[in-house]
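Beneath this line is the structure, given in structure tokens, with notes to follow.
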2 protein chains.
Amino acid sequence: MPQITSRHNKSVSETCETIGIHPEAISMVSAKMPDSSFLIELADLFKLFGDNTRIRILWALSESEMCVCDLCALLEMKQPAVSHQLKNLKQARIVKTRREGKVIYYSLDDTHIRSLLNLGMEHIQEM
Amino acid sequence: MPQITSRHNKSVSETCETIGIHPEAISMVSAKMPDSSFLIELADLFKLFGDNTRIRILWALSESEMCVCDLCALLEMKQPAVSHQLKNLKQARIVKTRREGKVIYYSLDDTHIRSLLNLGMEHIQEM
DNA sequence: TGTTCATATAAGCATATGATAATTTAATAA
DNA sequence: TTATTAAATTATCATATGCTTATATGAACA
């Protein structure tokens, strides 16, 4: 395969369409990529943070455990909508529940969650 | 408004539908919620991390600056699809570009990005 | 100046996702 | 048991989003 050398002294293939211009960079990065399943899980985790309703729920729960109807009142949203998002968060084990009679209290399930919220907010504030 | 007292000694309103069961908890949390605009920005930031293609791009760029066609080869995706996601990331100033002749190199624009990726991955690995 | 090639953009389509309304479940109290 | 009430579930609809194909830019170089 014909190769030329760029001014940066990396080998460069002739076509970019299929194999890229910098084969070594590609294979180096490729070797360092986590398994596909990890990256999918990671995207799924961030996806849950990537919705205005859910981020408000998470921020609220980072301040205090709350029941569903309190969240409805706080967010000014209908109960099924809130329950639906809580279900998503619970399935991902981002929040956990505690029942007290008819009332179900939700809270954060993990300290990482708070760190992610704070780190994200730091980024926003420095823009 | 009639109030009763729960076994947790917080005042409890009679209906949950409109105003929630724990008015003080609601107003305490409400006071601590960031402005709506911040939360929207925060959700938008996480939303960009919440896609498998973009997270792979970000992880790759966290290892090395890369041009578009190298990313295409690495991710085994068509060029317009990759360019489209790069555009989203660039608009949010998560990645930046550098042109060298016909080739445009992309790289991470901010150190927070790497921290967020790592913190997210930590969370995944401890589940 | 005209060709080549890396990248960007536009239009169209299919899927994913979030909200609503209606209904069901589950726990308590009468 | 029956009524009440907090929460969950189901069905439906509208919007958002990501990929594809086709086309357009724009820089380098003959």
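Naming: A, B, ... by sequence-line order, numbering from 1 per chain. Worth knowing before you read on, the calculation uses all heavy atoms, side chains too, and leaves out hydrogens, waters and symmetry mates.
- One interatomic measurement links the two molecules: CG of A:Asp51 to P of C:dA16, which rounds to 17 Å at whole-angstrom precision.
- When the nucleotides D:dA8, C:dG18, C:dT7 are ranked by their closest atom to the side chain of A:Arg54, C:dG18 comes out on top.
- In this structure, B:Lys90 reaches neither bases nor backbone, as no heavy-atom distance under 4.0 Å exists between it and the strands shown.
- We find that CG of B:Leu89 is positioned 12 Å from P of C:dA8, with the value rounded to whole Å.
- For the pair B:Arg99 and D:dG26, the criterion of a side-chain N or O lying under 4.0 Å from OP1 or OP2 is not met.
- With rounding to whole Å, B:Ile57 atom CD1 is found 13 Å from C:dT7 atom P.
- The nucleotide whose nearest atom lies closest to any side-chain atom of A:Pro80 is, among C:dA21, C:dT7, D:dA7, C:dA21.
- Between A:Lys102 atom NZ and D:dT4 atom P the separation is 11 Å, expressed in whole Å.
- Between the side chain of B:Gln79 and the base of C:dA6, no donor-acceptor pair of N or O atoms lies under 3.5 Å.
- Residue B:Tyr106 places none of its side-chain N or O atoms closer than 4.0 Å to OP1 or OP2 of C:dA6.
- Spacing between atom CZ of B:Phe46 and atom P of C:dT17 amounts to 18 Å, rounded to whole angstrom units.
- Between the side chain of B:Arg99 and the backbone N or O of B:Gly101, at least one donor-acceptor pair lies under 3.5 Å.
- The side chain of A:Gln85 places an N or O atom within less than 4.0 Å of a non-bridging phosphate oxygen (OP1 or OP2) of C:dA19.
- Here the P atom of nucleotide D:dC19 and the CG atom of B:Asn88 are 10 Å apart, to the nearest Å.
- A donor-acceptor contact shorter than 3.5 Å is absent between the side chain of B:Ser83 and the backbone of B:Pro80.
- Residue B:His84 has its side chain nearest to D:dC19 when only D:dA7, D:dC19, C:dA6 are considered.
- Mapping A:Gly50 and B:Leu86 onto DNA chain C by nearest heavy atom places B:Leu86 closer to the 5' end of the strand.
- Taken to the nearest 0.5 Å, the CZ atom of B:Arg93 stands 8.5 Å off from the NE2 atom of A:His123.
- In the hydrophobic cluster analysis, where Ile, Leu, Val, Met, Phe, Trp and Tyr join through side-chain heavy atoms closer than 4.5 angstrom, A:Val68 is grouped together with B:Met28.
- Applying the 4.0 Å criterion to OP1 and OP2 of C:dG18, one finds that A:Thr53 has every side-chain N and O outside that range.
- Among the nucleotides D:dG18, C:dT7, D:dA6, the one closest to the side chain of B:Ser83 is C:dT7.
- Atoms CD (A:Glu76) and C1' (C:dT20) sit 17 Å apart, rounded to a whole Å.
- Look at CG on B:Asp70: it is 13 Å from C1' on C:dT7, rounded to the nearest Å.
- Within 6.0 Å of CD on A:Glu126 lie more than 12 heavy atoms contributed by other residues, nucleotides or ligands.
- The phosphate of C:dA21 (OP1 or OP2) has a side-chain N or O of A:Lys78 nearer than 4.0 angstrom.
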